[in-house]
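Here is the structure we will look at, set down as structure tokens.
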Amino acid sequence: MSNLLNNLPKMNTLLMHPLLSGIGTERAKHAGRETLDKLRSDVLSGTLTQLPSLDECARIVAAKISEEQHNLRGVINATGIVLHTNLGRAPLGKDLISGLSEVFEGYSNLEYDLTTGNRGSRYSHIETLLCEITGAEASMVVNNNAAAMMLVLATLAKGKKVAVSRGELVEIGGSFRVPQVIVQGGAELVEVGTTNKTSLADYVDAVENQNAQVLLKVHTSNYEVVGFTSSVPAQTLVQYGKSVGLPVIYDVGACFLIDTEPFGFSAGETAMSWLSSGADVVCFSGDKLLGCSQAGIISGRADLIAAMKKHPLTRAIRPDKLTLSVLEAALRLYRFPKEAAAKIPVLSMLFAGEAELNSRAVALADRLRAVLSGWEAEVIEVMDETGGGSLPNVPLPGWAVSLSPCGLTVNELEEKLRGARRPIIIRIQYNKALISVRTLLPGDDDAIVKWAEDAASSFSAG
Ligand SMILES: *Cc1c(COP(=O)(O)O)cnc(C)c1O
């Protein structure tokens, strides 16, 4: 054993090997040390009784370096869940990020007014666009919608009582609960109505008898109460708020910025519909139905937005230039709905027609069958999902390739696909391995077929 240890290559010898000479010394040393340490411990534990040659060691080190991967990396979403929270919610696609490298790589006019040469506002780049699209008087952006809610409440409701329907005291996920957010904002919650039924009279009671000074409506985006229910429409609440001079805040969560009917999609609502109904402030996520980067957008009355921009909390939750540049790219597209529908992946995935999805699934199944001999690749109808807590009860019929692997269980296949260099995340349902085509981006089909080609030889394919 000590003989083996003595014969381990020396670091300097290893670094001089031609395979490693073109690689930065720090990097080669780092990988070389890991390789030699591993060999040493394998010798000591007795699992290694013959040392690899110097050439072999150099090959191991070179492979280690070339295979280094980021922990956070791209995956292929074959689950059919469009806004998959665990997979980064909205994919941005090529169109939203092309042309942004100038901002990413170098300096930018983030807070610099190019007309006057003076300090500018980071919100100016998106505010005019947001107002043009939503019809709002003023708008601003923070890091996410949870932060937006905190800011809205901290600015408008601190030290005041906020009336919210008991049916809307929801948990959004990740311990973000409406009652707690209200407390965090320095406000006091006045619960209105019951879990299943809230009427305008309940709000009137909260205002007249319990001194509520702010009216908050929360879109229950991730669940629905069905049966013996009633709630007060935003419009009615807004009218009431106006009649008594109290601000109405609407946390919309997920909404569109274009009318989706012309694209054959009748579910969901637009930010415009809430603003035009007269809500004083609405806030919504950038990476839900908007299909953009993580952001919280606040739109509404100019005097209220101005107060929010001055609030100290704003500094702690302000968006960076990456967020703002992607958002601006998306908003520029939103001025032209057809272009937005074609170029914003979340929209094209949601609007994709069944016939189109079917033919994509048929084409993918044919290609997979051709390379995976002995496997069955069947095209089946599935129910995709919007995800991200959005449109929970809206059916999204889609098509998938159901793979029956030869010599592997469905779970083993799922694991192998997940372990691919570019991981492929599939859905298992009814003991079938499903590749749903709705959430595949351009090029993903090719990557899946390529994976199958590479993998085919290593499986006991018939
Ligand atoms: C999703 C959601 C939030 C939280 O938004 P994030 O952008 O995820 O922070 C808040 N309120 C509602 C109603 C939501 O649907």
Side-chain angles (χ1 to χ4, degrees), residues 81-92 126 130 139-154 156-157 162 164-185 187 189 198 214-225 231-234 237 248-257 267-271 273-275 279 281-300 308 313-314 316-320 322-324 326-327 330 346 350 385-394:
I81 301 169
V82 178
L83 298 169
H84 199 304
T85 304
N86 302 144
L87 303 183
R89 275 202 194 152
L92 299 178
I126 45 86
L130 265 172
S139 292
M140 68 182 289
V141 175
V142 295
N143 277 334
N144 50 45
N145 192 33
M149 271 291 281
M150 303 272 295
L151 178 62
V152 170
L153 289 166
L156 305 183
V162 179
V164 191
S165 161
R166 285 200 167 90
E168 295 170 7
L169 294 174
V170 295
E171 175 176 311
I172 310 297
S175 76
F176 184 83
R177 295 175 160 190
V178 172
Q180 285 158 8
V181 176
I182 289 173
V183 172
Q184 282 298 318
L189 171 65
T198 300
V214 175
L215 305 173
L216 172 64
K217 191 164 173 65
V218 181
H219 186 52
T220 54
S221 31
N222 55 4
Y223 84 114
E224 208 166 313
V225 180
S231 62
V232 177
L237 192 61
V248 177
I249 301 167
Y250 193 4
D251 175 17
V252 184
C255 62
F256 290 110
L257 282 187
E269 317 216 30
T270 63
S273 63
W274 305 117
L275 285 161
V281 175
V282 301
C283 59
F284 46 95
S285 290
D287 56 349
K288 288 185 180 169
L289 296 177
L290 238 60
C292 194
S293 45
Q294 180 189 302
I297 298 169
I298 309 172
S299 288
M308 288 176 215
L313 183 58
T314 300
I317 54 176
R318 69 181 188 183
D320 79 335
L322 305 187
T323 300
L324 286 168
V326 178
L327 190 57
V346 167
L350 289 175
E385 286 171 43
T386 302
S390 310
L391 311 178
N393 287 328
V394 175

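For ligands, and for the atoms within them, numbers begin at 1 and follow the listed sequence. For the single chain, residues carry numbers from 1 onward in sequence order.
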Margin query: Looking only at protein heavy atoms, which one is nearest to atom 10 (C) of ligand 1, and what is the separation?
Written below: N145 ND2, 3.2 Å

Checklist line | Heavy-atom nearest neighbour in the protein, as seen from atom 1 (C) of ligand 1, with distance rounded to 0.1 Å | finding: K288 NZ, 1.3 Å

Check: For M149, which of V181, N144, I182 qualifies under side chain to side chain contact (heavy atoms under 4.5 Å, CB included)?
Finding: V181

Next item on the list: Please state whether H219 comes within less than 4.0 angstrom of ligand 1, counting heavy atoms only.
Entry: yes

Next item on the list: Please check if atom CZ in R166 has more than 12 non-hydrogen atoms from other residues, nucleotides or ligands closer than 6.0 Å.
Entry: yes

Check: Is it true that a side-chain atom of S285 and a backbone atom of K288 form a donor plus acceptor pair closer than 3.5 Å?
Finding: no

Note to self: For atom 15 (O) of ligand 1, what is the closest protein heavy atom, and at what distance to 0.1 Å?
What the structure shows: S221 OG, 2.6 Å

Item checked: Backbone of G167 reached by a side-chain donor or acceptor of S165 within 3.5 Å -> yes

Next item on the list: Starting from atom 9 (O) of ligand 1, find the nearest protein heavy-atom neighbour and note its residue, name and distance.
Entry: A146 N, 2.9 Å

Margin query: Could you check whether any side-chain heavy atom of V141 comes within less than 4.5 Å of a side-chain heavy atom of I298, counting everything from C-beta outward?
Written below: no

Next item on the list: Could you tell me whether E168 approaches ligand 1 through its side chain, its backbone, both or neither, with non-hydrogen atoms closer than 4.0 Å?
Entry: neither

Item checked: Straight-line distance of T85 OG1 to D287 CG, nearest 0.5 Å -> 8.5 Å

Notebook entry, point to check: Under a heavy-atom criterion of less than 4.0 Å, does R89 contact ligand 1?
Noted result: yes

Next item on the list: Would you mind checking which non-hydrogen protein atom is closest to atom 11 (N) of ligand 1, with the distance to 0.1 Å?
Entry: D251 OD2, 2.6 Å

Check: Which residue and non-hydrogen atom of the protein lie closest to atom 4 (C) of ligand 1, and at what distance in Å?
Finding: I172 CG2, 3.7 Å

Check: In the protein, what heavy atom is nearest to atom 7 (O) of ligand 1, and what distance, to one decimal place, separates them?
Finding: S285 OG, 2.6 Å

Checklist line | Validation row: V162, I249 side chains within 4.5 angstrom (heavy atoms) | finding: no

Next item on the list: May I ask you to list the atoms of ligand 1 that are less than 4.0 angstrom from any heavy atom of G253?
Entry: 12 (C), 13 (C), 14 (C), 15 (O)

Checklist line | Those residues that, when tested against E168, pass side chain to side chain donor-acceptor pair (under 3.5 Å) (two or more places apart) | finding: K217

